[in-house]
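First the structure, in the form of structure tokens, and then the observations on it.
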Amino acid sequence: MGGILILVIFLILILLVVSSCIKIVPQAKAYVLERLGAYQATWSTGLHMKLPFIERVAKKVNLKEQVVDFPPQPVITKDNVTMQIDTVVFFQITDPKLFAYGVESPIMAIENLTATTLRNIIGDMELDETLTSREIINTKMRAALDIATDPWGIKVNRVELKNIMPPAAIQEAMEKQMKAERERREAILIAEGEKKSTVLVAEGKKESAILDAEAEKQAAILRAEAQKEKMIREAEGEAEAILKVQQANADGIRFLKEAGADESVLTLKSLEALGTLAEGNATKIIVPSDIQGLASLATSLKEIMKE
């Protein structure tokens with residue numbers, strides 16, 4: 001009975017040892033294997049076996065891109081302004097062996113390296129240039145960190161300045177400057193708006209004057225055409241009236257002739273027609289010779305009757 005118990009315990013130990021020697025490396029991971037304390041191999045994704053007791057997994061490495069947000073670091077600009085700047089570093093482990101044996105505490109090493117590199121870059125720049133050159137600073141820091149971390153098996157993909165915090169006095173001065181600049185721009189915009197408004201009003205008055213002049217011109221043309229039309233119609237009416245009078249006289253004489261009137265009656269009618277013409281607006285009247293003789297006879301008879 002005791003022998004069976006020992007056998008069971010031995011089998012359990014064997015199973016535990018065998019299970020400890022079987023390793024499954026997940027995706028985006030890498031295991032660094034050591035044999036008797038020396039580097040042996042780097043396991044990638046998949047199933048792996050190791051020798052018991054003499055081999056061990058020394059380090060498990062994450063191959064994903066990692067992000068580290070470092071706390072604000074004090075830096076001094078070229079014009080002696082002390083600022084607090086915090087950075088964000090995006091890095092990825094490309095060589096698990098170098099990462100495992102290259103440097104102690106890689107994250108701390110990257111943080112210190114970031115702080116010193118940032119101080120070197122900001123120390124060559126003035127305050128205004130620092131505030132407006134984030135992209136330049138990011139590029140310089142990424143290049144410097146990538147070169148420095150390459151022996152550690154780390155690739156720095158990106159570096160970003162998260163916050164740039166100048167002293168309170170500088171911030172207050174900057175806010176006043178920005179306020180003054182905004183007020184200046186506002187004044188410029190108001191002046192430009194008033195200028196455009198004045199120009200538009202002047203153009204509107206000019207356009208209105210042109211339209212009024214054009215309308216007056218058209219009205220004058222229409223009035224002249226109306227006056228002309230009126231005069232033409234009046235002249236046509238007078239001509240038509242004269243024509244009708246002459247037509248009526250001619251018709252009367254023709255009727256007298258057809259009725260057999262003698263010469264004295266015709267002469268009398270001619271005198272009546274002459275009187276009608278004299279009442280008109282004519283300035284010159286041509287009197288026939290026979291009517292003139294009759295008029296002289298009538299005058300002589302009038303004088304005899306007066307005596």
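Values reported hereafter were calculated over all heavy atoms of this structure, with side chains retained and with hydrogens, waters and symmetry mates removed.
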Gln218 CD: over 12 foreign heavy atoms closer than 6.0 Å: yes
Over 12 non-hydrogen atoms of neighbours within 6.0 angstrom of CD1 in Ile24: no
Taking a hydrophobic cluster as the set of Ile, Leu, Val, Met, Phe, Trp and Tyr residues connected by side-chain heavy atoms closer than 4.5 Å, whether directly or through intermediates, do [X] and [Y] fall within one such cluster?
X	Y	result
Tyr39	Ile154	yes
Val88	Ile136	no
Leu127	Leu161	yes
Val61	Val89	yes
Tyr101	Val103	yes

Heavy atoms only: give me the nearest [X]-[Y] pair and the separation to one decimal.
X	Y	result
Leu113	Ala148	CD2-CB, 3.2 Å
Pro71	Asp86	C-CB, 3.9 Å
Gln66	Asn62	NE2-O, 3.5 Å
Ala30	Leu63	CB-CD1, 4.0 Å
Val25	Ser44	CB-O, 3.1 Å
Ala100	Val32	CB-CG2, 4.1 Å

Check for a donor-acceptor pair, side chain of [X] on one end and backbone N or O of [Y] on the other, with a separation under 3.5 Å.
X	Y	result
Thr132	Asp128	yes
Asp146	Arg142	no
Ser208	Gly204	no

Looking at [Y] and [X], is there a salt bridge between them, counting it only when a charged N and a carboxylate O are closer than 4.0 Å?
X	Y	result
Arg158	Glu160	yes
Glu186	Arg182	no
Glu55	Arg35	yes
Glu181	Arg185	yes
Lys162	Asp69	yes
Glu216	Arg223	yes

Distance, nearest 0.5 Å, that separates [atom1] of [X] from [atom2] of [Y]:
X	Y	atom1	atom2	value
Glu111	Thr87	CD	OG1	8.0 Å
Ile93	Lys29	CD1	NZ	9.0 Å
Thr116	Gln73	OG1	CD	9.5 Å
Tyr31	Lys60	OH	NZ	4.0 Å
Leu189	Arg184	CG	CZ	10.0 Å
Leu98	Trp152	CG	CH2	12.0 Å

Do [X] and [Y] come close enough that some side-chain heavy atom pair is under 4.5 Å?
X	Y	value
Leu145	Thr114	yes
Met125	Thr77	no
Ile137	Ile122	yes
Pro74	Met83	no
Val67	Phe91	no
Gln84	Pro167	no
Arg56	Glu34	yes
Val81	Ile76	no

Short side-chain donor-acceptor distance under 3.5 Å, Glu65 and Asn157: yes
Test log, rule salt bridge (Lys or Arg N to Asp or Glu O under 4.0 Å), inputs Lys196 and Glu192: CA-CA 6 Å; Lys196 290 181 179 179; Glu192 290 180 351; 5.4 Å; no
